[in-house]
Peer 1: 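I'd like to ask some things about the structure below.
We number each residue from 1, following the sequence as shown.
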Amino acid sequence: MNKLDQFNKSQLKELPEIRPGYTIKVYQKIKEADKERIQLFEGLIIARKHGKGVNATITVRKISHGVGVERVFPIHSPLIEKIEVLKKHKVRRAKLYYLRHKSAKETRLKEIK
């Protein structure tokens with residue numbers, strides 16, 4: 001194993017199982033001037049990309065004041081403090097991009113117990 005592979009393995013974090021259709025809270029460190037704070041982003045995972053390695057990302061969507069907001073988070077980034085799973089929904093696709101064009105009532109997903 002070369003040094004690059006060793007470095008990449010050292011960067012991986014222990015994470016809960018996260019899949020498209022899960023509602024999550026992402027706690028991200030934000031640095032403003034000389035202060036550091038934690039910002040919360042709560043929403044539905046609509047996509048997971050780039051596998052399970054260091055480059056893995058998730059796209060999280062929420063509705064804020066009637067406007068859809070999406071953010072892409074690199075899940076193994078040192079700026080991600082923690083990821084908390086709130087709800088699990090049953091979905092039949094790996095990418096939920098179709099939810100972008102649905103109203104709030106149409107996007108209701110069936111929750112897994």
Peer 1: Which atom names give the shortest non-hydrogen contact between Ala56 and Gly51, and what distance separates them?
Peer 2: CB-O, 3.1 Å
Peer 1: Give the intermediate values and the outcome of side-chain contact (heavy atoms from CB on, under 4.5 Å) for residues Glu81 and Lys29.
Peer 2: CA-CA 6 Å; Glu81 188 69 28; Lys29 292 179 193 172; 2.6 Å; yes
Peer 1: Examine Leu12 and Ile75 and state if one hydrophobic cluster contains both, with Ile, Leu, Val, Met, Phe, Trp and Tyr joined whenever side-chain heavy atoms are less than 4.5 Å apart.
Peer 2: no
Peer 1: Arg61 and Leu99: which non-hydrogen atoms are nearest, and at how many Å?
Peer 2: NE-O, 4.3 Å
Peer 1: Hey, are the side chains of Leu40 and Val26 touching, using non-hydrogen atoms and a 4.5 Å cut-off?
Peer 2: no
Peer 1: Of all residues at least two apart in sequence or in a different chain, which pass the ring-ring contact (aromatic ring centres under 6.0 Å, His included) check with Phe41?
Peer 2: Phe73
Peer 1: If the threshold is 4.0 Å, N to carboxylate O, is there a salt bridge linking Lys31 and Glu36?
Peer 2: no
Peer 1: Would you say Ile83 ends up clustered with Val69 if hydrophobic residues are merged whenever their side chains have heavy atoms under 4.5 Å apart, either directly or through other cluster members?
Peer 2: yes
Peer 1: Indicate yes or no: at least one non-hydrogen side-chain atom of Lys3 is less than 4.5 angstrom from one of Phe7.
Peer 2: no
Peer 1: Not counting sequence neighbours, which residues clear side chain to side chain donor-acceptor pair (under 3.5 Å) with Arg92? List them please.
Peer 2: none
Peer 1: Using every non-hydrogen atom in the two residues, find where His50 and Asn55 come nearest and quote the distance to one decimal.
Peer 2: CB-O, 3.5 Å
Peer 1: Under a 4.5 Å cut-off applied to non-hydrogen side-chain atoms, are Lys87 and His89 in contact?
Peer 2: yes
Peer 1: So that I can tick it off, tell me whether Arg37 and Glu32 are bridged by a salt bridge, with the cut-off set at under 4.0 angstrom between side-chain N and carboxylate O.
Peer 2: yes
Peer 1: Can you confirm whether Ile30 sits close enough to Gln28 that some side-chain heavy atom of one is under 4.5 Å from a side-chain heavy atom of the other?
Peer 2: yes
Peer 1: For Leu96 and Val91, run side-chain contact (heavy atoms from CB on, under 4.5 Å): C-alpha distance rounded to whole Å, both residues' side-chain angles, the deciding distance at 0.1 Å, then the answer.
Peer 2: CA-CA 8 Å; Leu96 304 177; Val91 294; 3.9 Å; yes
Peer 1: Evaluate whether atom CZ of Arg93 has more than 12 neighbouring non-hydrogen atoms of other residues, nucleotides or ligands under 6.0 angstrom away.
Peer 2: no
Peer 1: Could you go through the side-chain contact (heavy atoms from CB on, under 4.5 Å) check for Asn8 and Leu4 one step at a time?
Peer 2: CA-CA 6 Å; Asn8 285 342; Leu4 183 60; 4.1 Å; yes
Peer 1: Tell me which donor-acceptor pairs under 3.5 Å the side chains of residues 13-24 have, and how far apart each pair is, sequence neighbours excluded?
Peer 2:
from	atom 1	to	atom 2	distance (Å)
Lys13	NZ	Ser77	O	2.6
Lys13	NZ	Ile80	O	2.3

Peer 1: Under 4.5 Å between side-chain heavy atoms, counting indirect links through other Ile/Leu/Val/Met/Phe/Trp/Tyr residues: same cluster for Leu44 and Tyr98 or not?
Peer 2: yes
Peer 1: Would you call Glu70 and Lys62 a salt bridge, taking side-chain N to carboxylate O under 4.0 Å as the test?
Peer 2: no
Peer 1: Between Lys95 and Arg48, is there a donor-acceptor pair closer than 3.5 Å when you use the side chain of the first and the backbone of the second?
Peer 2: yes
Peer 1: Restricting to non-hydrogen atoms, name the atom on Thr57 and the atom on Val72 that form the minimum distance, rounded to 0.1 Å.
Peer 2: CB-CG1, 3.9 Å
